[in-house]
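A short write-up of the structure that comes next.
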Amino acid sequence: MSSVILVTGGSGLVGKAIEWVIENDKSERYGKKEGETWIFLTSKDGDLRQPEDAKAIFEKYKPTHVIHLAALVGGLFKNMKYKLDFLRDNLLINDNVLETSKVFGVQKVVSCLSTCIFPDKTSYPIDETMIHNGPPHESNFGYAHAKRMIDVQNKAYNEQYGCNFTSVIPTNVFGPHDNYDLEDSHVLPGLTHKCYLAKQNNTPFIVGGTGKPLRQFIYSRDLAKLFIWTLREYKETEPIILSVGEKDEVSIKDVADAIVSAVGFEGEYSFDTTRSDGQFKKTASNDKLLKYIPDFEFTPFNDAVQESVAWFLENYDTCRKGH
Ligand code: NAP
Ligand code: GDP
């Protein structure tokens, strides 16, 4: 049976990883199947904040399935600076993609939430039932509220129109094709770039905050496989957390150590404790995922950091480094 899978945000960290798995994985479960056409969109194909752009894209490709990744995305410091942009851009993008998918009769949409949208004051581990149980952390409330609405929209589209719209909740993602901006990026690519410059220029390597916050990191190519599994096999409207287990949570200092080793930086590094730590932790349970797919093999954190840093060094001249 033929299908057209449209990936919004196809040029980003997660979109590029899905493209990589679809092209390179030979397994029945994750590799490209006969009859499938995969379309990876960038913002050059249209600005999804604009309804007419969304409509033109759907008219052109007539997708049967959508993986919806496009979003205004950034690390802690960017989220703190642009709260209204994170709220409005993401509300508009999500509304356009979901409504256009409904109008064009798309058979299934998988959208992307994030563990940073969970309530700030909560019990741990966090699970899928707790998204709406209290305000998100102050640092990213714009992004968090826009993302939470996807879950509300999915439920409403399902109950009123029978649409098969669902969502996944990844923890912190990293890998090739990340955004390596020094200031507006996520911690792993941001520190990779800073550590590289410190090594090149013989300057101090400075990590923001205390290094004590805890995060669960998922390698983008592992996440990509789980996205493909969700599209093909997951049947619920309710979201599913896509994460390594609680025992694989690491501190920001562990992240800095892994980067220092992968970059081969031999100097000392220090913490700038005047900078925000953000949320201390957002430990999530992957029990639901493991019930569905108990034999899934996550790439060990240090191996994935080595691969990502190697990709950054090989692609230094062309990778995303800023505005
Ligand atoms: P990314 O690397 O910043 O990529 C964002 C993608 O969205 C790019 O393809 C970009 O296109 C596209 N885009 C942005 N604004 C657009 C617009 N107005 N119209 C059309 N396309 C637009 O982000 P990512 O890290 O891959 O994130 C993918 C998804 O995962 C997002 O929904 C994000 O919220 C979620 N997520 C990410 C993380 C993480 O740690 N990175 C964690 C949890 C969840 P251009 O390349 O053309 O600009
Ligand atoms: P978050 O998980 O949504 O908070 O996203 P980030 O990827 O931005 O991680 C933020 C954590 O990393 C906070 O504890 C920051 O203090 C810490 N951190 C240390 N250095 C950096 C840096 O250079 N960039 C970013 N984004 N965070 C950093």
Side-chain angles (χ1 to χ4, degrees), residues 7-19 40-50 53-54 57 67-80 85-86 88-90 92-94 96-97 110-118 136-137 139-140 143-144 146-147 150 167-195 205-218 220 223-224 227 241-243 251-253 255-256 259 269 271-282 284 320:
V7 181
T8 73
S11 50
L13 166 66
V14 181
K16 280 286 183 192
I18 294 177
E19 189 176 27
F40 292 87
L41 296 177
T42 81
S43 61
K44 292 188 193 75
D45 292 293
D47 180 350
L48 291 169
R49 290 172 300 184
Q50 309 296 339
D53 285 20
I57 288 170
I67 292 183
H68 172 38
L69 306 172
L72 179 61
V73 178
L76 168 66
F77 305 122
K78 186 176 177 187
N79 265 278
M80 288 167 70
D85 290 351
F86 273 94
R88 278 203 80 226
D89 284 12
N90 289 321
L92 291 169
I93 291 173
N94 299 337
N96 287 328
V97 170
V110 180
S111 298
C112 196
L113 313 182
S114 163
T115 46
C116 62
I117 74 169
F118 279 108
H137 193 263
S139 59
N140 70 350
Y143 177 80
K147 286 281 184 185
I150 291 182
S167 61
V168 300
I169 312 177
T171 40
N172 293 54
V173 190
F174 70 100
H177 299 276
D178 215 329
N179 172 11
Y180 293 91
D181 187 76
L182 289 170
E183 198 45 35
D184 284 347
S185 57
H186 287 106
V187 57
L188 217 142
L191 287 185
T192 299
H193 193 176
K194 284 176 188 163
C195 188
F205 171 40
I206 298 170
V207 178
T210 62
K212 291 182 180 152
L214 301 171
R215 297 287 185 270
Q216 284 155 295
F217 288 91
I218 182 164
S220 59
L223 176 63
F227 252 106
I241 291 172
L242 303 183
S243 172
S251 70
I252 299 301
K253 179 175 185 306
V255 172
I259 290 170
Y269 71 85
F271 294 94
D272 177 358
T273 54
T274 64
R275 302 215 73 186
S276 173
D277 268 344
Q279 224 164 336
F280 180 69
K281 64 177 188 174
K282 37 190 178 174
R320 280 188 290 166

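Computed from heavy atoms alone, side chains included, the values below leave out hydrogens, waters and symmetry copies. Whatever order the structure lists them in is the order used to number ligands and atoms, beginning at 1.
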Quiz item: Would you say Leu76 has any N or O atom under 3.5 Å from an N or O of ligand 2, going by distance alone?
Solution: yes

Quiz item: Has Ser185 got any heavy atom lying under 4.0 angstrom from an atom of ligand 2?
Solution: yes

Quiz item: Just wondering, do Leu13 and Val173 contact through their side chains at under 4.5 Å, heavy atoms?
Solution: yes

Practice problem: Determine, considering heavy atoms only, which of Leu13, Val7, Val173 sits nearest to atom 25 (O) of ligand 1. | Solution: Leu13

Quiz item: Where the closest heavy atom to atom 19 (N) of ligand 1 is concerned, which of Thr115, Leu48, Leu188 has it?
Solution: Leu48

Quiz item: Where does Val73 meet ligand 1, judged by heavy-atom distances below 4.0 Å: at the side chain, the backbone, both, or neither?
Solution: side chain

Quiz item: Against heavy atoms of Lys282, which atoms of ligand 2 measure under 4.0 Å?
Solution: 1 (P), 2 (O), 3 (O)

Practice problem: Heavy-atom distances under 4.0 Å are what count here, so tell me which part of Tyr143 touches ligand 1: side chain, backbone, both or neither. | Solution: side chain

Quiz item: Looking at ligand 2, does any of its N/O atoms fall within less than 3.5 Å of an N/O of Val187?
Solution: yes

Practice problem: Select the closest option to atom 18 (N) of ligand 1 among Asp47, Asp45, Leu113, judged by heavy-atom distance. | Solution: Asp47

Quiz item: Side chain or backbone of Lys147 under 4.0 Å from ligand 1, or both, or neither, by non-hydrogen atoms?
Solution: side chain

Quiz item: So, Asn96 side chain and Leu48 main chain: donor-acceptor pair closer than 3.5 Å or not?
Solution: yes

Quiz item: If you measure from each non-hydrogen atom of Lys16 to ligand 1, which part falls under 4.0 Å: side chain, backbone, both or neither?
Solution: neither

Quiz item: Under 3.5 Å, N or O to N or O, is Gly208 touching ligand 2 that way?
Solution: yes

Practice problem: Heavy-atom distances under 4.0 Å are what count here, so tell me which part of Thr171 touches ligand 1: side chain, backbone, both or neither. | Solution: backbone

Exercise. Answer with yes or no whether Lys194 contacts ligand 2, where contact means a heavy atom under 4.0 Å from a ligand atom.
Key: yes

Quiz item: Are Arg275 and Phe77 in a cation-pi contact, defined as NZ or CZ under 6.0 Å from the six-membered ring centre and within 45° of the axis?
Solution: yes

Quiz item: Closer than 4.0 angstrom: is that true for some heavy atom of Arg275 and an atom of ligand 2?
Solution: no

Quiz item: For ligand 1, is there an atom lying under 4.0 Å from some heavy atom of His177?
Solution: no

Quiz item: Backbone, side chain, both or neither: what part of Val255 comes under 4.0 angstrom of ligand 2, heavy atoms only?
Solution: neither

Exercise. Report the distance from atom NZ of Lys282 to atom CG of Asn172, rounding to the nearest 0.5 Å.
Key: 4.5 Å

Quiz item: Does ligand 1 have a heavy atom under 4.0 Å from the side chain of Leu72, from its backbone, from both, or from neither?
Solution: neither

Quiz item: Val14 and side chain to side chain contact (heavy atoms under 4.5 Å, CB included): which partner among Leu69, Ile218, Ile67?
Solution: Leu69

